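Single-structure report; data block below.
All values reported here derive from a predicted model rather than from experimental measurement.
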Amino acid sequence: MAKKGTSSPKRGGSVELLTRQKKAVKPPKKYKVIFHNDDFTPMDFVAIILMLFFHQSSEAAWNITMQIHEKGRGIAGGPYSKEVAETKVDQVLNAAKGSGYPLLATFEPAD
């Protein structure tokens, strides 16, 4: 028997179920590495960097190099996680600086 002032569960009542709303989990964004044209970095150096850091074939590296030269920029590689894209950009910038070239590499969200 319940003491005065306290409540006891009601018998015969309905049970209310709690529902959880699931949050849609989106996959992490992917990024592409972009090379930008300049008037000083030799095209051969760009192609070598593409083969070395992005594992492009010599033909693919040359095609990308020509795109960078003609259009002002080109996709060096991707899609990558943000951390991998950052690392690749750092590797390229360090190699270019170490060789005395101003090659610019950036990363942006992949389409």
ask   = To the nearest 0.5 Å, how far apart are CZ in F45 and CG in L52?
value = 9.0 Å
remark   = Distance col, row L103:CG vs K97:NZ, nearest 0.5 angstrom, shows 14.0 Å
inquiry  = By the salt bridge (Lys or Arg N to Asp or Glu O under 4.0 Å) test, which pairs, at least two apart or in different chains, include something from residues 67-96?
reply    = R73-E108
query = Is there a path of hydrophobic side-chain contacts, each under 4.5 Å between heavy atoms of I, L, V, M, F, W or Y residues, that connects M66 with I49?
reply = no
inquiry  = For A47 versus A61, what's the shortest heavy-atom pair and its separation?
reply    = O-CB, 3.6 Å
remark   = Minimal heavy-atom distance between L93 and A105, with the atoms involved, is CD2-N, 3.7 Å
query = Side-chain heavy atoms under 4.5 angstrom apart, residues restricted to Ile, Leu, Val, Met, Phe, Trp, Tyr: same cluster for I75 and I68?
reply = no
task = Any chance you could measure T41, atom OG1, to H36, atom NE2, to the nearest 0.5 Å?
result = 12.0 Å
request  = Sorted by first residue and then second, give each side-chain hydrogen bond (donor to acceptor under 3.5 Å, both in side chains) pair with at least one member in residues 50-69; sequence neighbours left out.
outcome  = none
inquiry  = Do F35 and M51 sit in one hydrophobic cluster, given that two such residues count as connected whenever their side-chain heavy atoms are within less than 4.5 Å of each other, even indirectly?
reply    = no
key: Closest non-hydrogen atom pair between L50 and A76, with its separation   = CD2-CB, 3.5 Å
query = What class does the angle between the rings of Y31 and F107 fall in, given that below 30° is parallel, 30 to 60° is tilted and above 60° is perpendicular?
reply = perpendicular
key: Pairs flagged by salt bridge (Lys or Arg N to Asp or Glu O under 4.0 Å) wherever residues 22-31 is involved - sequence neighbours left out   = none
ask   = Do V33 and L104 belong to the same hydrophobic cluster, where Ile, Leu, Val, Met, Phe, Trp and Tyr are linked whenever their side-chain heavy atoms lie under 4.5 Å apart, directly or via other members?
value = no
query = Do the ring planes of Y80 and F54 sit parallel (below 30°), tilted (30 to 60°) or perpendicular (above 60°)?
reply = tilted
query = To the nearest 0.5 Å, what is the distance between OG (S99) and CD1 (I48)?
reply = 9.0 Å
